[in-house]
Amino acid sequence: MRGIDLDIAAGRYAAVIGRSGSGKSSLLAMIGGLSRPTAGGIRIDGTDIWSLRDDALAHFRSQRIGYVFQFASLLPTLRLIDNVALPALLARRSTAVDPHGRAAELLDAVGLADHADAYPSEISAGEQRRAVIARALINDPMLLLADEPTSDLDEQTEREVMSHLLGAARRHGATLVLVTHSLALAAGAEEVVQVADGRLVP
Ligand SMILES: Nc1ncnc2c1ncn2[C@@H]1O[C@H](COP(=O)(O)OP(=O)(O)OP(=O)(O)O)[C@@H](O)[C@H]1O
Ligand SMILES: [Mg+2]
């Protein structure tokens, strides 16, 4: 990435578009505290995330950011309910929060209540995406980062997955940054950010 100057207002829905290899996932990884930029900074809700120590950054990520990655990211040896509850268990917050109860609610919200005890290999690609959305929401993040969450899905399933994602972002008042190749999805966003060869297209 070079010369990036980007401001996304809290609560907005922004789409990131651009050709394969243009830097969309790289940009998302830097915003999400996963890939350290060699220069410059990223401020989320007033925190300059790349000035945090590693453990503080890990804590910030787990509390504030929900990720829907480009490639399958459920842990294959865990049931869906455990996959979804895991970030809450790792965050070790107050015991008043019941990670499995909350995970069950979120799976229900994305239409997967019947599959809570299934393993990832036992459900379809679209169902896996929905489970990842449920997992991304378990710690009530203020920022949702989704990298082509519907690219391998049929149109009907894409609509379902997107309605879960947008509905969840609205309900939680979260900012949503969505990487997509779909012009139709980008057209529905409040802001469109176009990346070409590591730069923003003005
Ligand atoms: N781990 C890596 N190490 C070195 N270069 C990488 C790495 N990951 C990506 N790149 C390079 O960085 C550039 C941007 O990659 P990136 O994954 O951000 O593209 P993208 O816009 O998300 O593409 P796609 O639409 O195919 O997912 C590409 O030229 C890619 O080859
Ligand atoms: Mg990518």
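Residue numbers run from 1 in the order of the sequence given. All ligand and atom numbering here is 1-based and tracks the order in the structure.
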### Task
Please test L57 against W50 for side-chain contact (heavy atoms from CB on, under 4.5 Å), starting from the C-alpha separation and ending with a verdict.
CA-CA 8 Å; L57 177 57; W50 287 109; 3.6 Å; yes
### Message
Working note: S73 + R135, criterion side-chain hydrogen bond (donor to acceptor under 3.5 Å, both in side chains); need CA distance, chi angles, decisive distance, verdict.
### Response
CA-CA 10 Å; S73 61; R135 181 183 64 183; 2.8 Å; yes
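For ligand 1, the 4.0 Å heavy-atom shell contains residues R19, S20, G21, S22, G23, K24, S25, S26, Q70, E148, H181.
Between R130 and T157, the side chains place no donor N or O within less than 3.5 Å of an acceptor N or O (distance only, hydrogens not considered).
Between R43 and D7 there is no salt bridge, since none of the side-chain N atoms of the basic residue sits less than 4.0 Å from a carboxylate O of the acidic one.
The structure places CG of L34 at 4.5 Å from OH of Y67, a figure rounded to the nearest 0.5 Å. To the nearest 0.5 angstrom, H164 atom NE2 is 14.0 Å from R129 atom CZ.
Clustering of Ile, Leu, Val, Met, Phe, Trp and Tyr side chains at separations under 4.5 Å places I17 together with V192.
I81 pairs by the side chain to side chain contact (heavy atoms under 4.5 Å, CB included) definition with R79, H100, A103, A104, L107, A116, D117, not counting sequence neighbours.
The closest side-chain heavy-atom distance from K24 to E148 is below 4.5 Å.
Screening the protein for N, O or S atoms under 2.8 Å from the Mg ion (ligand 2) yields 2; no waters enter the count.
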